Amino acid sequence: MKELPKHSVGIIDSHAHVVKEFFGEEREEVIQRSFDQGVVQMVNPGVVLTNVGELVDIADRHPNIYIALGLHPHEAKDWTQDSEDLIEKMSSHPKVVGVGECGLDFFYNNSDHDSQVKCFRAQCRLAKRLNKPIIVHCRDAWDEAFDILQEEGAGKGLRGVFHCFTGGPEHLPRIAELDFYVSFSGIVTFPNAKALQEAAKTVPENRILVETDCPFLAPQKVRGKKNEPQYVWYVAEKLAELRGSSVEQIARSAADNTRLLFSLPVPILN
Ligand code: NI
């Protein structure tokens, strides 16, 4: 493998699905490898509500892994009052730092439009009530997602991040208005992601997060492999190249921003 561009400063993977569903028995090794490569903290967000117990268990055993609880737009048709009650109840756990991932996905449309909107709005309200940031998945749904976030109080108590950002420069003014963060994934390293790369050049440095969204979307240098948190360095490397900055600087700023958004402490390192 090509050597990772890692730096002593450390990095945070702000969105990593390190669960058995995706990594099976290798899950703990993947976590350890990431820590060995300078990933100092990570946020592991829920997609379904059937593995909340597993997420809590991971967070309990690993001081530097935090979790978020939510229902993905693909599963939105399954949203009920029980879903909301479960997230609310479990969110009193000290390692639960956000609501999500949730949002709108009109590319796959695995759940119908109205179910997605209902499920997303409910989680926006929950996030606001719990005073936790929301992790937004948005695909082919920009205007509607922006409108919903605005109506639900973005910038006025509702905080959050557009995770795995796939938009272009034209989406940034609205995101700035909402006062949301922008999280870049391995997609920014793909040669054909020109609009996204243009956006990456102009997002204010105090709004940038980096993530892998593993096991999906391995960065270009390891494309075709299963993605894992250690490869978040390649995302920072690409952002540094696009912005005329250094990997160290991007990793540091993104870590500061992630800690501010999710209220994470400075990590405990052995
Ligand atoms: Ni995700």
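Because the structure is predicted, anything quoted here is derived from the model rather than measured. Numbering of ligands and ligand atoms starts at 1, following listing order.
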Derivation of the ring-ring contact (aromatic ring centres under 6.0 Å, His included) call for Phe162 and Phe146: CA-CA 10 Å; Phe162 281 91; Phe146 292 151; 5.6 Å; yes

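In this structure, a donor-acceptor pair under 3.5 Å is present between the side chains of Asp60 and His93. With no hydrogens or angles considered, a side-chain donor-acceptor pair links Tyr231 and Lys225 at under 3.5 Å.
Judged by a 6.0 Å distance limit and a 45° cone about the ring axis, Lys226 is positioned over the six-membered ring of Phe23.
Of the possible donor and acceptor atoms, none in the side chain of Glu241 sits under 3.5 Å from a partner among the backbone N and O of Ala236.
Protein N/O/S atoms closer than 2.8 Å to the Ni ion (ligand 1): His15 NE2, His17 NE2, Glu101 OE2, Asp213 OD1.
Cluster partners of Val266 are absent, since no Ile, Leu, Val, Met, Phe, Trp or Tyr has side-chain heavy atoms less than 4.5 Å from it.
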